Amino acid sequence: MKTLSLCISAGLGLSACAGGMTGNTGQNNNVNGIVTQYPVETAMLNIYTKQRNDKLVAVVGSQSVSAEIQVTPKGSMVFNNKSVQGTEINTINKMNNQITNQSVAINYFTLNPLIFHGFTDGTGKYSLSNQTTTIPKMATVGASSKLLTEHVYADSSMRNKIGTYNQDWSLSRDTNNTAWFCIETSSNLLLSFDPAGTSSECYKINAKGDILASKVTLSQPSSNGSTKTVTLNSQ
């Protein structure tokens, strides 16, 4: 699954700028006005499979950076000899309001249950996802789980593997009736030192799974052992 954070990290070039407990299926619980369970599968569908637009902004040093994201469903498609659904993610990266990069990727998935199969992008990259767990309909605040392992190849011939990443999800409380649903992406497991580092892509959701706000945190290590962290927030 191509996460939005990977598109942003690659496009902004920020390094140059500066078992978990799974949720239970069931009805949403409300104890003393506090929502304790959230529909994480619905949230995932709203994030990655439904039409939406988002703009994330941050200040890095003295420069403003942004990522304008458009998610567009593409309908029925064929990927890796499977009948799937596709969704296009178009990301425009800007620095000081000047376009620095534009990337286009397509995520491939099937429904009932929601399973991600991989992605392709405009540079020719081709990935295959091994989703190890089913995303639950409902999850309790504090829940987390491994989601998938993704193998990324230079092209569809799959002769040259250029990356392997783990992705996890977690759910944490924000307010009494909102929570942060996060997708964490590891560094490239094929590299002993990955300059791109790790990313966390978080979405504030309500009890219906609606997306209220978003933020992406990019953490990039340097050779001296320190880590640069940049957080872009929805505008």
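Keep in mind that what you see is a predicted model, and the values were worked out from it rather than measured. Hydrogens, waters and symmetry mates are skipped; everything else that's a heavy atom, side chains included, is used.
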Undergrad: Is Ile89 close to Val104 at the side-chain level, that is, under 4.5 Å between some pair of heavy atoms?
TA: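 Contact flag for Val104/Ile89 side chains = no.
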Undergrad: Stepwise, does the side-chain contact (heavy atoms from CB on, under 4.5 Å) test hold for Leu114 with Phe109?
TA: CA-CA 7 Å; Leu114 176 60; Phe109 57 92; 3.9 Å; yes
Undergrad: Heavy-atom distance under 4.5 Å between the side chains of Ile34 and Arg173, does that happen here?
TA: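 The answer is yes; the side chains approach within 4.5 Å.
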Undergrad: Restricting to non-hydrogen atoms, name the atom on Gln131 and the atom on Leu147 that form the minimum distance, rounded to 0.1 Å.
TA: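 Closest pair (atom of Gln131, atom of Leu147, distance): CG-O, 3.3 Å.
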Undergrad: Testing the basics here: between Thr198 and Ser186, what is the closest heavy-atom pair and its distance to 0.1 Å?
TA: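 In this case the closest contact between Thr198 and Ser186 is CG2-C, 3.9 Å.
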Undergrad: Does any donor atom in the side chain of His117 or Thr110 lie under 3.5 Å from an acceptor atom in the other side chain?
TA: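 A donor-acceptor contact under 3.5 Å links the two side chains.
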Undergrad: Validate the cation-pi geometry between Lys146 and Trp169: distance from NZ or CZ to the six-membered ring centre under 6.0 Å, angle to the ring axis within 45°.
TA: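 Geometry flag: not set, cation outside 6.0 Å or 45°.
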Undergrad: Search all heavy atoms of Ser76 against all heavy atoms of Gln85 and return the closest pair with its distance.
TA: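 Heavy-atom minimum between the residues: OG-NE2, 3.3 Å.
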Undergrad: What pair of heavy atoms forms the shortest contact from Pro221 to Phe193, and how long is it?
TA: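 Minimum heavy-atom contact is O-CZ, 3.7 Å.
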Undergrad: Distance check, rounded to the nearest 0.5 Å: Ile211 atom CD1 versus Ile47 atom CD1?
TA: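 Reported value, rounded in 0.5 Å steps: 4.0 Å.
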Undergrad: Could you tell me whether the side chain of Asp210 reaches within less than 4.5 Å of the side chain of Tyr203, counting heavy atoms only?
TA: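 No, side chains not in contact.
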Undergrad: State whether a side-chain donor-acceptor pair under 3.5 Å links Asn166 with Thr149.
TA: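 A pair is found: one side chain offers a donor N or O, the other an acceptor, under 3.5 Å apart.
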Undergrad: Which distance, rounded to the nearest 0.5 Å, do you find between the CG of Asp168 and the SG of Cys182?
TA: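 Reported to 0.5 Å precision, the distance equals 11.5 Å.
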Undergrad: Side chains of Thr231 and Thr217: donor-acceptor distance under 3.5 Å anywhere?
TA: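 Thr231 vs Thr217: donor-acceptor pair found between side chains.
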Undergrad: Decide yes or no for Ile115 and Pro113: does some side-chain heavy atom of the first lie under 4.5 Å from some side-chain heavy atom of the second?
TA: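 The answer is yes; the side chains approach within 4.5 Å.
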Undergrad: Please tell me if the side chains of Phe181 and Met44 come closer than 4.5 Å, counting only heavy atoms from C-beta onward.
TA: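 Counting from C-beta outward, Phe181 and Met44 do come under 4.5 Å.
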Undergrad: If you look at every heavy atom in Thr175 and Tyr38, which pair is closest and at what distance?
TA: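 Distance-wise, the nearest heavy atoms are O-OH, 4.4 Å.
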Undergrad: Go through the structure and list residues passing salt bridge (charged side-chain N to carboxylate O under 4.0 Å, His left out) with Glu41, not counting sequence neighbours.
TA: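 Glu41: salt bridge (charged side-chain N to carboxylate O under 4.0 Å, His left out) contacts with Lys137.
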Undergrad: Does the separation of the ring centres of Phe79 and Tyr126 fall below 6.0 angstrom?
TA: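 Yes: the rings meet the under 6.0 Å criterion.
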Undergrad: Among Gln167, Lys2, Glu150, exactly one meets side-chain hydrogen bond (donor to acceptor under 3.5 Å, both in side chains) together with Ser129. Which residue is that?
TA: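 Running side-chain hydrogen bond (donor to acceptor under 3.5 Å, both in side chains) over Gln167, Lys2, Glu150 with Ser129 returns exactly one hit, Glu150.
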Undergrad: Donor-acceptor pair, Asp174 side chain versus Thr178 backbone, under 3.5 Å?
TA: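 No, the answer is negative, given that no donor and acceptor are paired below the 3.5 Å cut-off.
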Undergrad: Only pairs at least two apart or in different chains count here, so list each disulfide bond (SG atoms under 2.5 Å apart) that has a residue in residues 131-180.
TA: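 Checked against disulfide bond (SG atoms under 2.5 Å apart) - neighbours excluded - no pair reaches residues 131-180.
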Undergrad: Could you tell me which non-hydrogen atom of Ser66 sits nearest to which non-hydrogen atom of Val57, and how far apart they are?
TA: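 Reported closest heavy-atom pair: CB-CG1, 3.9 Å.
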Undergrad: To the nearest 0.5 Å, what is the distance between CG (Leu128) and CG (Leu148)?
TA: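 Reported value, rounded in 0.5 Å steps: 11.5 Å.
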Undergrad: Can you pull out every disulfide bond (SG atoms under 2.5 Å apart) where at least one residue sits in residues 99-179? Sequence neighbours excluded, please.
TA: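 Counting only pairs at least two positions apart or across chains, no disulfide bond (SG atoms under 2.5 Å apart) contact touches residues 99-179.
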